[in-house]
Amino acid sequence: MQAWQVHENGEPSEVMRLADVAQPVPGDGQVLLKVRAANINFPDVLMCRGHYQVRPPLPFTPGVEICGETEDGRRVIANPALPYGGFAEYAVADAAALLSAPDSLDDAEAAALHIGYQTGWFGLHRRARLEAGETLLVHAAAGGVGSAAVQLGKAAGATVIGVVGGAEKAAVARELGCDVVVDRRSEDVVAAVKEATGGRGADVIYDPVGGEAYTQSTKVVAFEGRIVVVGFAGGTIPSPGLNHALVKNYAILGLHWGLYNTKNPKLVQHCHEQLTELAARGAIKPLISERVPLAGAADAVQRLGDGLTTGRIAVVPTGAQA
(Lines give C-alpha, C1' and ligand atoms only; values in the text may rest on other atoms or scores of the structure.)
Protein backbone atom coordinates (compact mmCIF):
# COMPACT_ATOMS: atom_id res chain seq x y z
CA MET A 1 0.00 0.00 0.00
CA GLN A 2 1.00 3.67 -0.22
CA ALA A 3 1.65 5.67 2.93
CA TRP A 4 3.38 8.88 3.92
CA GLN A 5 6.25 8.36 6.32
CA VAL A 6 8.33 10.70 8.46
CA HIS A 7 11.90 9.46 8.92
CA GLU A 8 13.25 12.59 10.63
CA ASN A 9 11.71 15.64 12.28
CA GLY A 10 11.33 18.91 10.43
CA GLU A 11 8.89 20.85 8.28
CA PRO A 12 6.16 18.56 6.84
CA SER A 13 6.93 19.39 3.20
CA GLU A 14 10.55 18.38 3.75
CA VAL A 15 10.25 15.28 5.95
CA MET A 16 7.05 13.58 4.72
CA ARG A 17 7.80 10.98 2.01
CA LEU A 18 5.29 8.91 0.08
CA ALA A 19 6.37 5.26 -0.07
CA ASP A 20 5.18 1.76 -0.87
CA VAL A 21 5.05 -0.11 2.43
CA ALA A 22 3.51 -3.26 3.84
CA GLN A 23 -0.01 -3.09 5.23
CA PRO A 24 0.04 -2.65 9.00
CA VAL A 25 -0.85 -5.69 11.07
CA PRO A 26 -3.39 -5.02 13.85
CA GLY A 27 -2.28 -5.86 17.38
CA ASP A 28 -4.44 -7.20 20.19
CA GLY A 29 -7.70 -5.28 20.37
CA GLN A 30 -7.02 -3.45 17.11
CA VAL A 31 -8.67 -3.55 13.68
CA LEU A 32 -7.41 -2.84 10.16
CA LEU A 33 -9.28 0.01 8.46
CA LYS A 34 -9.38 1.04 4.82
CA VAL A 35 -8.95 4.82 4.89
CA ARG A 36 -11.87 6.54 3.16
CA ALA A 37 -10.82 10.06 4.24
CA ALA A 38 -8.25 11.49 6.64
CA ASN A 39 -8.44 15.02 7.96
CA ILE A 40 -5.38 17.15 8.57
CA ASN A 41 -4.98 18.50 12.11
CA PHE A 42 -2.40 20.76 13.73
CA PRO A 43 -1.01 17.83 15.78
CA ASP A 44 0.09 16.32 12.45
CA VAL A 45 2.24 19.41 11.87
CA LEU A 46 3.64 19.31 15.40
CA MET A 47 4.45 15.60 15.19
CA CYS A 48 6.39 16.15 11.97
CA ARG A 49 8.35 18.88 13.73
CA GLY A 50 8.85 16.76 16.84
CA HIS A 51 7.04 19.32 18.98
CA TYR A 52 3.91 17.35 19.95
CA GLN A 53 3.36 15.81 23.39
CA VAL A 54 3.06 12.42 21.67
CA ARG A 55 6.23 11.41 19.82
CA PRO A 56 5.72 8.24 17.79
CA PRO A 57 8.84 6.24 16.89
CA LEU A 58 10.46 7.04 13.56
CA PRO A 59 9.47 6.31 10.89
CA PHE A 60 5.78 7.01 11.42
CA THR A 61 2.76 7.86 9.29
CA PRO A 62 0.96 11.06 10.37
CA GLY A 63 -2.82 11.40 10.30
CA VAL A 64 -4.68 11.34 13.60
CA GLU A 65 -8.28 11.41 12.40
CA ILE A 66 -10.00 9.28 9.77
CA CYS A 67 -13.22 7.95 8.41
CA GLY A 68 -12.46 4.32 7.65
CA GLU A 69 -14.12 1.13 6.53
CA THR A 70 -14.00 -2.09 8.51
CA GLU A 71 -13.54 -5.49 6.89
CA ASP A 72 -17.29 -6.07 7.14
CA GLY A 73 -18.05 -2.77 5.36
CA ARG A 74 -19.01 -0.49 8.26
CA ARG A 75 -18.15 3.21 8.03
CA VAL A 76 -16.45 4.33 11.24
CA ILE A 77 -14.62 7.31 12.70
CA ALA A 78 -11.30 6.57 14.38
CA ASN A 79 -8.04 7.91 15.71
CA PRO A 80 -5.41 5.65 14.10
CA ALA A 81 -2.96 3.93 16.42
CA LEU A 82 0.42 5.49 15.71
CA PRO A 83 2.86 4.87 14.12
CA TYR A 84 0.28 3.71 11.53
CA GLY A 85 -1.53 7.01 10.94
CA GLY A 86 -4.22 7.98 8.49
CA PHE A 87 -2.25 9.43 5.56
CA ALA A 88 -2.17 6.01 3.97
CA GLU A 89 -4.44 3.58 2.19
CA TYR A 90 -4.85 1.49 5.37
CA ALA A 91 -4.49 2.24 9.08
CA VAL A 92 -5.06 0.44 12.36
CA ALA A 93 -7.15 1.62 15.31
CA ASP A 94 -8.34 0.38 18.68
CA ALA A 95 -11.56 -1.55 18.19
CA ALA A 96 -13.08 -0.31 21.45
CA ALA A 97 -12.71 3.35 20.43
CA LEU A 98 -14.43 3.17 17.02
CA LEU A 99 -17.37 5.53 16.51
CA SER A 100 -20.12 5.12 13.93
CA ALA A 101 -19.90 7.54 11.01
CA PRO A 102 -23.13 9.58 10.80
CA ASP A 103 -25.25 8.85 7.73
CA SER A 104 -25.87 12.59 7.34
CA LEU A 105 -22.21 13.28 6.53
CA ASP A 106 -19.93 12.17 3.70
CA ASP A 107 -16.57 10.55 4.42
CA ALA A 108 -14.52 13.76 4.68
CA GLU A 109 -17.16 15.45 6.84
CA ALA A 110 -17.48 12.38 9.06
CA ALA A 111 -13.72 12.24 9.61
CA ALA A 112 -13.84 15.87 10.73
CA LEU A 113 -16.64 15.25 13.22
CA HIS A 114 -14.15 14.01 15.75
CA ILE A 115 -11.16 15.78 17.30
CA GLY A 116 -12.21 19.36 16.51
CA TYR A 117 -15.86 18.90 17.41
CA GLN A 118 -15.18 16.70 20.42
CA THR A 119 -12.70 19.31 21.64
CA GLY A 120 -15.26 22.05 21.05
CA TRP A 121 -18.06 20.17 22.80
CA PHE A 122 -15.94 19.29 25.85
CA GLY A 123 -14.46 22.79 25.98
CA LEU A 124 -17.72 24.67 25.70
CA HIS A 125 -20.09 22.34 27.55
CA ARG A 126 -18.05 20.18 29.93
CA ARG A 127 -15.43 22.73 30.94
CA ALA A 128 -16.91 26.21 30.39
CA ARG A 129 -20.59 25.32 30.89
CA LEU A 130 -21.64 27.68 28.10
CA GLU A 131 -25.26 28.82 28.48
CA ALA A 132 -27.76 30.12 25.94
CA GLY A 133 -27.65 33.90 25.76
CA GLU A 134 -23.99 34.16 26.71
CA THR A 135 -21.32 35.65 24.45
CA LEU A 136 -18.66 33.31 23.08
CA LEU A 137 -15.45 34.60 21.53
CA VAL A 138 -13.57 32.18 19.27
CA HIS A 139 -9.99 32.85 18.17
CA ALA A 140 -8.99 31.51 14.72
CA ALA A 141 -12.69 31.18 13.98
CA ALA A 142 -12.22 30.16 10.34
CA GLY A 143 -9.84 27.30 11.10
CA GLY A 144 -10.65 23.64 11.65
CA VAL A 145 -10.83 23.85 15.46
CA GLY A 146 -12.35 27.33 15.54
CA SER A 147 -15.05 26.65 12.96
CA ALA A 148 -16.30 23.71 15.01
CA ALA A 149 -16.50 25.89 18.13
CA VAL A 150 -18.40 28.57 16.21
CA GLN A 151 -21.03 26.09 15.05
CA LEU A 152 -21.34 24.49 18.47
CA GLY A 153 -21.66 27.90 20.11
CA LYS A 154 -24.46 28.91 17.76
CA ALA A 155 -26.19 25.57 18.30
CA ALA A 156 -26.05 26.25 22.06
CA GLY A 157 -27.77 29.60 21.66
CA ALA A 158 -24.74 31.83 22.25
CA THR A 159 -23.84 35.08 20.52
CA VAL A 160 -20.57 34.31 18.74
CA ILE A 161 -17.71 36.70 18.05
CA GLY A 162 -15.10 35.29 15.67
CA VAL A 163 -11.53 36.60 15.50
CA VAL A 164 -9.69 35.84 12.25
CA GLY A 165 -6.62 36.93 10.29
CA GLY A 166 -7.47 38.38 6.89
CA ALA A 167 -10.46 39.25 4.70
CA GLU A 168 -10.80 35.76 3.21
CA LYS A 169 -11.03 34.17 6.65
CA ALA A 170 -13.44 36.89 7.76
CA ALA A 171 -15.80 35.91 4.93
CA VAL A 172 -15.61 32.25 6.01
CA ALA A 173 -16.38 33.19 9.62
CA ARG A 174 -19.47 35.10 8.53
CA GLU A 175 -20.67 32.13 6.48
CA LEU A 176 -20.20 29.91 9.54
CA GLY A 177 -22.67 32.09 11.44
CA CYS A 178 -20.53 34.42 13.56
CA ASP A 179 -22.64 37.33 14.80
CA VAL A 180 -19.57 39.59 14.88
CA VAL A 181 -16.31 39.08 12.97
CA VAL A 182 -13.09 40.85 13.97
CA ASP A 183 -10.12 40.86 11.57
CA ARG A 184 -7.05 41.04 13.82
CA ARG A 185 -4.94 42.22 10.86
CA SER A 186 -6.96 45.40 10.29
CA GLU A 187 -8.79 45.95 13.59
CA ASP A 188 -7.95 46.40 17.25
CA VAL A 189 -9.30 43.15 18.69
CA VAL A 190 -9.73 44.42 22.24
CA ALA A 191 -11.51 47.61 21.19
CA ALA A 192 -13.75 45.78 18.72
CA VAL A 193 -14.84 43.14 21.25
CA LYS A 194 -15.53 45.73 23.93
CA GLU A 195 -17.60 47.73 21.46
CA ALA A 196 -19.54 44.65 20.36
CA THR A 197 -20.33 43.70 23.97
CA GLY A 198 -21.07 47.17 25.30
CA GLY A 199 -17.91 47.05 27.36
CA ARG A 200 -18.91 43.89 29.20
CA GLY A 201 -16.66 41.43 27.39
CA ALA A 202 -17.12 37.77 26.45
CA ASP A 203 -18.46 35.17 28.88
CA VAL A 204 -16.52 32.31 27.30
CA ILE A 205 -13.35 32.60 25.22
CA TYR A 206 -12.15 29.64 23.16
CA ASP A 207 -8.43 29.89 22.46
CA PRO A 208 -6.56 27.40 20.26
CA VAL A 209 -3.89 30.01 19.45
CA GLY A 210 -2.13 31.20 22.62
CA GLY A 211 0.44 34.01 22.53
CA GLU A 212 -1.05 37.42 21.73
CA ALA A 213 -4.54 35.91 21.38
CA TYR A 214 -4.42 34.83 25.02
CA THR A 215 -3.27 38.31 26.11
CA GLN A 216 -6.22 39.80 24.23
CA SER A 217 -8.54 37.32 25.92
CA THR A 218 -7.55 38.47 29.39
CA LYS A 219 -8.45 42.04 28.40
CA VAL A 220 -11.93 41.22 27.09
CA VAL A 221 -13.12 38.42 29.37
CA ALA A 222 -16.29 39.30 31.27
CA PHE A 223 -16.88 39.16 35.02
CA GLU A 224 -17.07 35.45 35.92
CA GLY A 225 -15.92 34.67 32.40
CA ARG A 226 -14.07 31.52 31.36
CA ILE A 227 -11.03 31.27 29.08
CA VAL A 228 -10.69 27.78 27.59
CA VAL A 229 -7.07 27.02 26.65
CA VAL A 230 -7.16 24.51 23.79
CA GLY A 231 -3.77 24.81 22.14
CA PHE A 232 -0.94 27.04 20.99
CA ALA A 233 -1.14 27.19 17.19
CA GLY A 234 0.47 30.63 17.36
CA GLY A 235 3.64 29.00 18.62
CA THR A 236 3.91 30.83 21.95
CA ILE A 237 2.74 29.36 25.25
CA PRO A 238 1.44 32.15 27.51
CA SER A 239 2.44 32.63 31.16
CA PRO A 240 -0.84 33.62 32.84
CA GLY A 241 -0.85 36.32 35.49
CA LEU A 242 -2.88 34.65 38.22
CA ASN A 243 -3.20 37.95 40.07
CA HIS A 244 -5.04 39.24 37.00
CA ALA A 245 -7.43 36.27 37.05
CA LEU A 246 -8.06 37.04 40.72
CA VAL A 247 -8.78 40.75 40.43
CA LYS A 248 -10.99 40.32 37.34
CA ASN A 249 -12.72 37.21 38.69
CA TYR A 250 -12.34 34.92 35.68
CA ALA A 251 -11.37 31.27 35.24
CA ILE A 252 -8.63 29.74 33.10
CA LEU A 253 -9.64 26.25 31.99
CA GLY A 254 -7.27 23.80 30.35
CA LEU A 255 -8.59 21.22 27.90
CA HIS A 256 -6.69 18.16 26.69
CA TRP A 257 -9.44 16.20 24.97
CA GLY A 258 -7.33 13.08 24.48
CA LEU A 259 -7.30 12.44 28.23
CA TYR A 260 -11.00 11.62 28.17
CA ASN A 261 -10.26 8.55 26.04
CA THR A 262 -8.49 7.01 29.04
CA LYS A 263 -9.99 8.88 32.01
CA ASN A 264 -13.66 8.75 31.00
CA PRO A 265 -14.27 7.09 27.61
CA LYS A 266 -18.04 6.90 28.21
CA LEU A 267 -18.12 10.69 27.96
CA VAL A 268 -16.49 10.49 24.52
CA GLN A 269 -19.27 8.19 23.34
CA HIS A 270 -21.91 10.47 24.90
CA CYS A 271 -20.36 13.45 23.14
CA HIS A 272 -20.40 11.60 19.81
CA GLU A 273 -24.11 10.87 20.25
CA GLN A 274 -24.74 14.58 20.86
CA LEU A 275 -22.69 15.55 17.80
CA THR A 276 -24.42 12.95 15.61
CA GLU A 277 -27.80 14.37 16.61
CA LEU A 278 -26.69 17.93 15.90
CA ALA A 279 -25.34 16.87 12.50
CA ALA A 280 -28.55 15.00 11.66
CA ARG A 281 -30.64 18.15 12.14
CA GLY A 282 -28.15 20.34 10.31
CA ALA A 283 -27.08 22.37 13.34
CA ILE A 284 -23.43 21.53 12.67
CA LYS A 285 -21.62 20.53 9.49
CA PRO A 286 -17.83 20.26 9.25
CA LEU A 287 -16.34 22.83 6.91
CA ILE A 288 -14.28 20.92 4.35
CA SER A 289 -12.41 23.53 2.35
CA GLU A 290 -10.43 21.07 0.22
CA ARG A 291 -10.28 17.43 -0.71
CA VAL A 292 -6.83 16.39 -1.91
CA PRO A 293 -5.53 13.03 -3.20
CA LEU A 294 -3.08 11.06 -1.11
CA ALA A 295 -0.18 12.48 -3.15
CA GLY A 296 -1.09 16.01 -2.02
CA ALA A 297 -0.95 15.33 1.72
CA ALA A 298 2.50 16.74 2.50
CA ASP A 299 1.81 20.05 0.76
CA ALA A 300 -1.54 20.35 2.54
CA VAL A 301 -0.04 19.61 5.97
CA GLN A 302 2.60 22.30 5.32
CA ARG A 303 -0.04 24.87 4.33
CA LEU A 304 -1.93 24.18 7.54
CA GLY A 305 1.28 24.63 9.51
CA ASP A 306 1.89 27.94 7.73
CA GLY A 307 -1.58 29.23 8.64
CA LEU A 308 -2.78 29.37 5.04
CA THR A 309 -5.91 27.22 5.31
CA THR A 310 -9.52 27.56 6.38
CA GLY A 311 -11.75 24.83 7.76
CA ARG A 312 -10.49 21.29 7.22
CA ILE A 313 -8.48 19.73 4.41
CA ALA A 314 -9.35 16.11 3.77
CA VAL A 315 -6.91 13.62 2.27
CA VAL A 316 -8.83 11.13 0.14
CA PRO A 317 -6.84 8.05 -0.97
CA THR A 318 -7.30 6.86 -4.54
CA GLY A 319 -10.36 4.67 -4.90
CA ALA A 320 -12.09 6.06 -1.82
CA GLN A 321 -15.21 8.16 -2.03
CA ALA A 322 -15.06 11.72 -0.70
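Predicted, not measured: the structure shown is a model, and the values here were computed from it.
A 4.5 Å side-chain heavy-atom check between Val315 and Asn39 finds every atom pair outside the cut-off. Two residues are said to be in side-chain contact when any heavy atoms from C-beta on lie closer than 4.5 Å; Leu58 and Val6 meet this criterion. Using a 4.5 Å cut-off on side-chain heavy atoms (C-beta onward), Arg312 and Ser289 make no contact. Inter-residue side-chain proximity for Leu176 and Leu287 is flagged as met; some heavy-atom pair is nearer than 4.5 Å. No side-chain heavy atom of Arg55 sits under 4.5 Å from any side-chain heavy atom of Phe60. The shortest distance between side-chain heavy atoms of Leu294 and Leu18 falls below 4.5 Å.
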- Message: With salt bridge (charged side-chain N to carboxylate O under 4.0 Å, His left out) as the criterion, how do Asp72 and Arg74 come out once you've worked through the C-alpha distance, each side chain's angles and the decisive distance to 0.1 Å?
- Response: CA-CA 6 Å; Asp72 59 4; Arg74 289 186 301 128; 3.7 Å; yes

- Item | Pair Arg129-Glu134, salt bridge (charged side-chain N to carboxylate O under 4.0 Å, His left out): steps then yes or no | CA-CA 10 Å; Arg129 308 291 181 181; Glu134 289 192 312; over 6 Å; no

- Message: Determine whether His244 and Tyr250 satisfy the following criterion, ring-ring contact (aromatic ring centres under 6.0 Å, His included), listing intermediate values before the conclusion.
- Response: CA-CA 9 Å; His244 193 259; Tyr250 63 86; 5.6 Å; yes

- Message: The test is side chain to side chain donor-acceptor pair (under 3.5 Å); show your working for Tyr117 and Gln151 and say whether it passes.
- Response: CA-CA 9 Å; Tyr117 280 87; Gln151 292 183 354; 2.6 Å; yes

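With salt bridges taken as basic N to acidic carboxylate O contacts below 4.0 Å, none links Arg49 and Asp44. Under 4.0 Å is where a charged nitrogen must lie from a carboxylate oxygen, and between Arg303 and Glu290 at least one such pair does. A salt bridge does not link Lys169 with Asp183: none of the charged nitrogens is closer than 4.0 Å to a carboxylate oxygen.
Atom CZ of Arg226 sits about 7.0 Å away from atom CG of Leu130, to the nearest 0.5 Å. Distance CD1/Ile40 to CD1/Ile313: 5.0 Å, rounded to 0.5 Å. One distance of note links CD of Glu69 with CZ of Arg36; it measures 5.0 Å at 0.5 Å rounding. Going from atom CD of Gln118 over to atom CG of Asn261 covers 7.5 Å, rounded to the nearest 0.5 Å.
Here His272 and Trp121 keep their ring centres 6.0 angstrom or further from each other.
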